[in-house]
Amino acid sequence: VPGDPPNGAAQVAAQPPARPKADKITLGQSVGVALEAFGKGELPGGLGALIKAFTQKYGTLHVNQSVDENPLRIGEEQFTNGLGTHSASKIRLELGGKYQLLSGLVGADAETIGTIVFKIANDKGAVLFTSTLMQRDMSAAKFEVALAGSQYVDLIVEDGGNGIDYDHADWVNLKLN
């Protein structure tokens with residue numbers, strides 16, 4: 001047959017190298033069902049077990065990886081622990097009134113071209129933190145919020161007013177005291 005490879009050899013299209021797949025990670029329990037995200041490793045201080053619910057409009061929450069399964073990078077800096085998500089998203093940390101302070105860094109992941117805004121709100125509806133409009137190549141923004149007996153806080157990412165396309169967001173170096 002014209003165009004067939006000689007001697008019955010199969011033609012194989014060049015394939016890009018496979019990147020390592022993320023592992024499923026079990027987070028906290030919600031109504032008796034284990035929540036799962038993807039990623040590598042665990043969050044320090046047992047923070048992952050406090051995640052009782054999350055929603056996002058695109059992709060899946062990742063632990064210690066960007067939403068596209070790459071290392072977490074904000075601006076020129078790479079981070080080993082945190083959450084990679086996408087706008088619009090909300091990640092609920094169930095605190096049970098046990099913590100006084102939440103701190104960390106936020107920013108648009110360097111793999112993105114979108115614009116985003118980060119917020120932290122508590123169970124009383126108070127917004128405890130709002131970032132400036134964040135985009136690629138900006139340094140991470142630091143936050144430190146008093147929890148004052150909050151039962152839960154929501155880590156919120158909103159689009160920057162231009163839709164959710166490429167709105168990759170990172171919450172990194174999270175610490176509860």
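The structure presented is a predicted model; accordingly, all values stated were derived computationally and were not measured.
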For this session: Using the rule that two of Ile, Leu, Val, Met, Phe, Trp, Tyr join whenever any of their side-chain heavy atoms come within less than 4.5 Å, decide whether L105 and L93 are in one cluster.
Result: no
Exercise. Looking only at atom types and distance, does a side-chain atom of R136 sit under 3.5 Å from a main-chain N or O of A110, one as donor and one as acceptor?
Worked result: yes
Problem set entry | Interatomic distance, K98 atom NZ to S150 atom OG [nearest 0.5 angstrom] | 14.0 Å
For this session: Determine, stepwise, if the pair Q56 / L61 fulfils side chain to side chain contact (heavy atoms under 4.5 Å, CB included).
Result: CA-CA 8 Å; Q56 65 187 56; L61 179 65; 3.9 Å; yes
Exercise. Can you find a heavy atom in the side chain of D159 that is under 4.5 Å from one in the side chain of K57?
Worked result: no
Problem set entry | Short side-chain to backbone donor-acceptor contact, D68 and N70, under 3.5 Å | no
Exercise. Is the shortest heavy-atom distance from the side chain of L83 to the side chain of V63 under 4.5 Å?
Worked result: yes
For this session: Check the hydrophobic clustering (I, L, V, M, F, W, Y; side-chain heavy atoms under 4.5 Å; chains of links allowed) and say if L50 and L174 are grouped together.
Result: yes
Exercise. Could you state the interatomic distance from CD1 (I74) to CG (D109), rounded to the nearest 0.5 Å?
Worked result: 7.0 Å
Problem set entry | Exam field: side chain S131 to backbone F118, donor-acceptor pair closer than 3.5 Å | yes
Exercise. Could you go step by step and tell me if N177 and Y99 meet the side chain to side chain contact (heavy atoms under 4.5 Å, CB included) rule?
Worked result: CA-CA 6 Å; N177 296 314; Y99 300 94; over 6 Å; no
Exercise. Does the pair T115 and Q135 meet the rule for a side chain to side chain donor-acceptor pair (under 3.5 Å), with working shown?
Worked result: CA-CA 5 Å; T115 59; Q135 59 189 15; 6.0 Å; no
Problem set entry | Hydrophobic cluster membership, V153 vs V117, 4.5 Å side-chain cutoff | no
Exercise. Side-chain contact, heavy-atom cut-off 4.5 Å: N122 with L147?
Worked result: no
Problem set entry | In one Ile/Leu/Val/Met/Phe/Trp/Tyr side-chain cluster, 4.5 Å: F79, L155 | no
For this session: Mind checking the CD-CG spacing from Q65 to D170? Nearest 0.5 Å is all I need.
Result: 11.0 Å
Exercise. About how many Å separate OG of S139 and CE of M134, when rounded to the nearest 0.5 Å?
Worked result: 8.0 Å
Exercise. Atom CZ of F54 and atom CG of D154: how far apart are they, to the nearest 0.5 Å?
Worked result: 13.5 Å
Problem set entry | side chain to side chain contact (heavy atoms under 4.5 Å, CB included) between E111 and V67, intermediate numbers included | CA-CA 10 Å; E111 70 192 6; V67 73; 4.2 Å; yes
Exercise. How would you list, by chain and number, every residue that makes a ring pair (Phe, Tyr, Trp, His ring centres under 6.0 Å) with H168, sequence neighbours excluded?
Worked result: H86
For this session: Examine I156 and Y152 and state if one hydrophobic cluster contains both, with Ile, Leu, Val, Met, Phe, Trp and Tyr joined whenever side-chain heavy atoms are less than 4.5 Å apart.
Result: no
Exercise. Do I51 and I91 come within less than 4.5 Å of each other through their side chains, counting heavy atoms only?
Worked result: yes
Exercise. Looking at CH2 of W171 and CG of L102, how far apart are the two atoms once the value is rounded to the nearest 0.5 Å?
Worked result: 8.0 Å
Seminar exercise, completed: All heavy atoms of L101 vs all of E144, minimum pair found to be CD1-CG, 3.5 Å
Exercise. Between N64 and T80, is a side chain to side chain contact (heavy atoms under 4.5 Å, CB included) present by the stated rule, with each step listed?
Worked result: CA-CA 6 Å; N64 302 327; T80 57; over 6 Å; no
For this session: Take atom OH of Y58 as the centre, draw a 6.0 Å sphere, and report whether it contains more than 12 heavy atoms from other residues, nucleotides or ligands.
Result: no
Exercise. Looking at side-chain heavy atoms only, is the closest gap between D167 and V157 below 4.5 Å?
Worked result: no
Problem set entry | Nearest heavy-atom neighbours spanning L72 and V172 | CD1-CG1, 4.0 Å
Exercise. So, K119 and E158, do they make that salt bridge, N to O below 4.0 Å?
Worked result: yes
